Asks: 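First, the structure itself, so that you have it in front of you.
Note that this is a predicted model, so its numbers are computed, not measured.
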Amino acid sequence: MKASSSSPAALRPPSRPLSARLFDWLVWGAVIVLLLISFRPAHLERAGLLFTHTENMREFLQDFLRPDFGDLRGYVAMMWLTIQMALWGTALATIVAVPLGFLAARNVTPAWVWFPMRRLLDLLRAVPDLVVGTVFIVAVGPGPFTGVLAIAVNTGGVLGKLFSEAIEQIERGPVEGVRATGAAPAHELAWGVLPQVAPLWTSYGLYRFESAARSATVLGLIGAGGIGQTLLDSINGFRYSETGAIVVVVVAAVSLIDLLSQVIRTRLV
């Protein structure tokens with residue numbers, strides 16, 4: 001006799017196999033063990049200093065929380081330069097990431113193509129921006145162009161990986177439909193693949209532009225131009241009131257970029 005929909009057997013939640021639960025326990029247990037092992041190397045025992053050395057933080061915050069906007073126009077100008085660096089870096093990264101994304105997609109290219117392309121993207125993502133920026137400073141000298149190139153390299157690696165993963169999630173139906181018309185492989189990509197991934201690519205590009213704006217701020221610390229250099233000068237000169245003003249400008253700019261990106265994503269995606 002079939003169990004009714006209101007019987008206890010029908011209402012019982014589905015249970016996972018024992019092997020799956022054991023694997024979950026093993027993973028979470030390994031995470032907990034790693035956290036315990038890394039407790040001392042991460043110097044977490046020094047957390048108590050946050051409460052015993054409050055006087056030092058109070059002296060710093062007294063100036064930091066009283067920002068000096070005497071040179072506000074200069075800060076805004078440097079922040080605008082930083083945004084332009086991020087914009088160009090993201091644009092160049094996108095130009096690089098589109099072909100790399102296709103070449104690294106496993107459902108588009110053979111293994112002898114996508115495997116080395118994936119390793120190349122790993123390399124581009126793994127090298128820190130500051131290291132890449134230092135290399136370009138040696139080549140082209142300090143300035144905003146160095147920051148643009150550093151952002152383009154790292155962001156190109158990230159976008160290339162995201163683009164390739166988006167391509168791997170496409171539906172095969174539209175591609176097969178274009179192929180059935182006798183279209184060339186390039187037409188299959190243009191009419192069968194791109195329309196499916198374009199909205200997701202747009203979202204990824206806007207998100208990376210937001211991240212690039214923050215990265216460009218950090219790159220200024222090594223002489224790559226932008227407001228980061230101004231920030232470093234204020235910190236080294238112990239002018240913490242100016243530091244607070246610069247941080248306010250950076251936070252306001254990043255927040256505006258985030259709001260603008262949300263509006264664009266809502267319109268296009």
Side-chain angles (χ1 to χ4, degrees), residues 76-105 108 117-118 120-137 139-167 186 189-190 193-229 249-250 252-269:
V76 173
M78 295 306 295
M79 189 66 226
W80 173 236
L81 175 60
T82 302
I83 293 173
Q84 293 176 85
M85 291 166 50
L87 183 62
W88 266 106
T90 305
L92 294 177
T94 303
I95 294 172
V96 172
V98 169
L100 289 180
F102 278 111
L103 293 174
V108 174
M117 287 298 102
R118 291 251 168 163
L120 174 61
L121 293 175
D122 292 342
L123 175 63
L124 295 179
R125 295 196 317 275
V127 181
D129 289 347
L130 293 178
V131 175
V132 178
T134 303
V135 172
F136 284 125
I137 283 179
V140 301
F145 185 54
T146 297
V148 170
L149 294 177
I151 292 171
V153 169
N154 183 267
T155 303
V158 175
L159 287 180
K161 181 178 188 302
L162 294 175
F163 286 0
S164 66
E165 291 178 348
I167 294 172
L189 297 178
V193 177
L194 276 179
Q196 297 188 61
V197 300
L200 198 56
W201 282 11
T202 302
S203 179
Y204 288 151
L206 291 172
Y207 171 73
R208 286 306 304 176
F209 171 60
E210 300 170 23
S211 300
R214 292 187 289 268
S215 299
T217 301
V218 177
L219 287 170
L221 301 178
I222 60 171
I227 201 170
Q229 184 65 53
V249 171
V250 172
V254 173
S255 299
L256 288 174
I257 292 173
D258 179 63
L259 291 175
L260 180 61
S261 298
Q262 289 181 13
V263 173
I264 296 176
R265 276 194 291 263
T266 303
R267 296 280 184 177
L268 298 180
V269 178

Asks: Which pair of non-hydrogen atoms, one from Ala104 and one from Arg118, has the smallest distance, and what is that distance?
Replies: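 Answer, listing the atom of Ala104 first, then Arg118: O-NE, 3.0 Å.
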Asks: For the CD atom of Gln262 and the CD1 atom of Ile257, what is their distance to the nearest 0.5 Å?
Replies: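 Here the rounded value is 12.5 Å.
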Asks: Minimum heavy-atom separation for Met85 and Ala216, please, with both atom names.
Replies: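 Nearest heavy atoms, Met85 then Ala216: CE-CB, 4.2 Å.
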Asks: Test Arg214 against Glu210 for salt bridge (charged side-chain N to carboxylate O under 4.0 Å, His left out), laying out the working first.
Replies: CA-CA 7 Å; Arg214 292 187 289 268; Glu210 300 170 23; 5.0 Å; no
Asks: Closest approach of Leu159 and Ala97, non-hydrogen atoms and distance?
Replies: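 In terms of heavy atoms, the two residues are closest at CB-CB, 3.6 Å.
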Asks: Pick out which of Leu200, Leu206, Thr202 makes a side-chain contact (heavy atoms from CB on, under 4.5 Å) with Tyr204.
Replies: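 The passing option is Leu200.
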Asks: What distance do Leu92 atom CG and Leu87 atom CG have between them, rounded to the nearest 0.5 Å?
Replies: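 Here the rounded value is 9.5 Å.
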Asks: So which atom in Ala86 and which in Ile151 form the shortest heavy-atom distance, rounded to 0.1 Å?
Replies: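 That closest heavy-atom pairing would be CA-CD1, 4.0 Å.
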Asks: Would you compute the distance between atom CG of Leu219 and atom CD1 of Ile227 and round it to the nearest 0.5 angstrom?
Replies: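 These two atoms lie 14.0 Å from each other.
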Asks: Using ring-ring contact (aromatic ring centres under 6.0 Å, His included) as the criterion, list what pairs up with Phe209, not counting sequence neighbours.
Replies: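 Counting only residues at least two positions away or on another chain, Phe209 forms no ring-ring contact (aromatic ring centres under 6.0 Å, His included).
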Asks: With sequence neighbours excluded, give me every ring pair (Phe, Tyr, Trp, His ring centres under 6.0 Å) pair touching residues 76-96.
Replies: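 Those involving residues 76-96 do not exist here.
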Asks: Check Ala150 against Val132 and note the closest heavy-atom contact, atom names and distance.
Replies: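 Distance-wise, the nearest heavy atoms are CA-CG1, 3.8 Å.
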Asks: Please round to the nearest 0.5 Å and tell me the distance separating atom CG of Leu124 and atom CG of Leu100.
Replies: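 Answer rounded to 0.5 Å: 7.0 Å.
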Asks: Taking the side chain from Ser203 and the backbone from Pro199, do they hold a donor-acceptor pair closer than 3.5 Å?
Replies: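 Judged by distance alone, no pair lies under 3.5 Å.
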Asks: Let me confirm one number: the CD-CD1 distance from Gln196 to Ile167, rounded to the nearest 0.5 Å.
Replies: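 Gln196 CD to Ile167 CD1: 10.5 Å, rounded to 0.5 Å.
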Asks: So do the side chains of Val153 and Val127 get within less than 4.5 Å of each other, counting heavy atoms only?
Replies: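 Val153 vs Val127: side chains apart.
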Asks: On the 0 to 90° scale, with breaks at 30° and 60°, tag the Phe163-Trp201 ring pair as parallel, tilted or perpendicular.
Replies: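 Rings of Phe163 and Trp201: parallel, under 30°.
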Asks: Could you tell me the separation between the CD1 atom of Ile83 and the CE atom of Met78, rounded to the nearest 0.5 Å?
Replies: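 Ile83 atom CD1 to Met78 atom CE measures 12.0 Å (nearest 0.5 Å).
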Asks: Using atom types as modelled and distance alone, determine if a side-chain donor or acceptor of Thr146 lies under 3.5 Å from a backbone N or O of Gly141.
Replies: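 Between the backbone of Gly141 and the side chain of Thr146 there is a qualifying donor-acceptor contact (under 3.5 Å).
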Asks: How about Asn154 and Ser215: do any of their side-chain heavy atoms sit closer than 4.5 Å?
Replies: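 No, side chains not in contact.
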Asks: Could I get the full list of side chain to side chain donor-acceptor pair (under 3.5 Å) partners for Gln229, not counting sequence neighbours?
Replies: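 Side chain to side chain donor-acceptor pair (under 3.5 Å) check on Gln229 returns Asp233.
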Asks: Would the distance check show the side chain of Thr155 and the main-chain N or O of Ala152 forming a donor-acceptor pair, the cut-off being under 3.5 Å?
Replies: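 No, because the side chain of Thr155 does not come within donor-acceptor range (under 3.5 Å) of the backbone of Ala152.
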Asks: Which atom names give the shortest non-hydrogen contact between Thr90 and Ala212, and what distance separates them?
Replies: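 Nearest heavy atoms, Thr90 then Ala212: OG1-CB, 3.6 Å.
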